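What follows is a short report on a single structure.
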Amino acid sequence: MIRAVKGTRDLLPPSTSVWNHVEAVARQVFSSYCYQEIRTPIFEETQLFARGVGEETDIVTKEMYTFEDRDGSSLTLRPENTASVIRAFIEHRLDQRPGVQKLYYMGPMFRRERPQKGRYRQFFQIGAEAIGSESPAIDAEVIEMVLEILGRAGLSGYQALINSVGCADCRPLFIARLREELKDKAHALCGDCQRRAASNPLRVLDCKVEADQPIIETLPSILDYLCERCRPHFAAVRQYLDDRSIPYEVKPRLVRGLDYYMRTTFEVVHGSLGAQNSVLGGGRYDGLAESLGSKIPSPGIGFSIGEDRLVMAVEEGFPARGPDLYVAPLGEPALRHAAVLARDLRRQGFSVEMAVEGKLKRSLELANKLGARFALIVGDNEMESGVYALKDMASGDQSNVNRAGITERIGN
RNA sequence: GUGGGUGUAGCUCAGCUUGGUAGAGCGCCGGAUUGUGGUUCCGGUGGCCGAGGGUUCGAAUCCCUCCACCCACCCCA
């Protein structure tokens, strides 16, 4: 048997209705914030991600699906979409368009990791980028917007975490300080942290090992090292969030794994997701455009929702919806009559299923299993009189209604 | 890349310790009901027991190898 390849999966009904719901909500919210959709290619030149995401990141060093094209060029399935969006922004001179460029996207990304709960090799992200301003007001608006999506998608019980990771001026100073502290303290930490202390000291701050926490508490906070530009920026973001009464927690130890993040970073976590508890991550990336070859500075901020994870968290308790009406014709003449009737009702916007074979008993059985709200019986009597038997499947009540009566009853 | 867990019917699982050639519930199909679903009752469909090898008169069960899936680490959405 041929199966879906490791880390990929088929999304089947009824789950796909949840996916559609999440995507529809996102599009509505994006639209209300005047974000417009951008669709970039699924694969790009490998260099784009190597330079955009960061040569030393895990994504680039061990997780990319990279292959050689027939002409020898190196291509890569996108592991994330921000680099592509910035590439398109530069390529098409979107900086020449008026105002902040507000773009959103949704679609599959690819990373070759070991799959586990909430992690797949092909996974889906819904994201947005606001490019062209470094105003903290944009940061707050972006965070507000993404929380709006989560709420309207039906997610509750989540926690928003924010932080500032500084900029090219202040972060190096902090990292230097951190390295110094770790020289004395690293030996008491877990094995992973000892390794991180050398390779990526910021990661030590994010360690989840319980025994390490007392020591990690004593390490310096990046917030104490923010420079004269970053500190007021972060304060303003917080002020704007407070103005909106948006609940969040400042987590100075929140670090992100992609090189391009600077200043504001944020994340939303949810309890029902297993070890991969992050539903979305995002942040500011003011230097990214330049590092991808833009001659003009194009500061930006964006986020990406892990759609697989959001769907997982929202799916339970999502109501299954059956057809509005199940039409059960009795015999061939009735079927022809019922088919026209079904078409007209569908044109009116109702979801209508019609039995194309089988006895009445069987049809009602199916109407019940499919969760139809009403069943309509169309037989010789009904065709002759124009009065149909309409059955409320929940109560079992059956009434005789004419053609207009059908619309009226199922329309409520 | 590393560690742990699990593989038996479409699904959830029992059986494995103490080898004797497969079970339950749910689902699906049909009947009780010639134009009336849900509850109930009756019947039926359905599995080379993950794959290969070994031990044995005999293996779902014991041993070995492999594979797949899941969870976790790393890291991230």
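Small disclaimer: the values here were computed from a predicted structure and weren't measured. Throughout, a chain's letter reflects where its sequence line sits, starting with A, and its residues are numbered from 1. Reckoned from all heavy atoms, side chains included, excluding hydrogens, waters and symmetry mates.
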Provide the Watson-Crick or G-U wobble partner of [N], both distances under 3.5 Å; none if there is no partner.
| N | result |
| --- | --- |
| B/U40 | B/A32 |
| B/G20 | B/C57 |
| B/C49 | none |
| B/C70 | B/G4 |
| B/A14 | none |

[X] [atom1] to [N] [atom2]: how many Å, rounded?
| X | N | atom1 | atom2 | answer |
| --- | --- | --- | --- | --- |
| A/N277 | B/C73 | CG | C1' | 15 Å |
| A/D397 | B/G37 | CG | P | 15 Å |
| A/D380 | B/U34 | CG | P | 17 Å |
| A/R114 | B/G3 | CZ | P | 9 Å |
| A/D58 | B/C74 | CG | P | 11 Å |
| A/Q276 | B/C71 | CD | C1' | 11 Å |
| A/L370 | B/G37 | CG | C1' | 11 Å |
| A/K6 | B/C67 | NZ | C1' | 10 Å |

Handout entry: Whether A/F318 and A/H21 hold their rings parallel, tilted or perpendicular, with breakpoints at 30° and 60°
Key = tilted
So, does the side chain of [X] form a donor-acceptor pair with the base of [N] at under 3.5 Å?
| X | N | answer |
| --- | --- | --- |
| A/N368 | B/G38 | no |
| A/K391 | B/U36 | yes |
| A/R3 | B/A68 | no |
| A/E113 | B/A77 | yes |
| A/K62 | B/G1 | no |
| A/E63 | B/G1 | no |
| A/N381 | B/G35 | yes |
| A/E365 | B/U36 | no |
| A/R119 | B/C75 | yes |

Please tell me which of the listed nucleotides, [options], lies nearest to the side chain of [X]?
| X | options | value |
| --- | --- | --- |
| A/Q398 | B/U36, B/C71, B/G30 | B/U36 |
| A/Q125 | B/U36, B/A77, B/G1 | B/A77 |
| A/A275 | B/C75, B/A72, B/G35 | B/A72 |
| A/F123 | B/A77, B/U36, B/C75 | B/A77 |
| A/P115 | B/A77, B/C70, B/C69 | B/C70 |

Exercise for the section: Answer yes or no: does a side-chain N or O of A/K117 lie under 4.0 Å from OP1 or OP2 of B/C69? Expected result: no
Practice task
Locate the shortest heavy-atom distance separating A/V401 from A/R409; write the atom from each residue and the value.
Solution key: CG1-CG, 4.3 Å
Problem - Which atom of A/P252 lies closest to which atom of A/N163, heavy atoms considered - result: O-ND2, 3.1 Å
Handout entry: Check: A/Y35 ring centroid to A/Y104 ring centroid under 6.0 Å
Key = no
Practice task
For residues A/Y285 and A/Y261, establish whether the separation of their ring centroids is below 6.0 Å.
Solution key: no
Practice task
Answer with base, sugar-phosphate or nothing: what part of the nucleic acid does A/L280 contact at a heavy-atom distance below 4.0 Å?
Solution key: sugar-phosphate
Handout entry: Student check: side-chain heavy atoms of A/V327 and A/V352 closer than 4.5 Å
Key = yes
Problem - Note: A/E382-A/R403 ion pair, threshold 4.0 Å (strictly below) - result: no
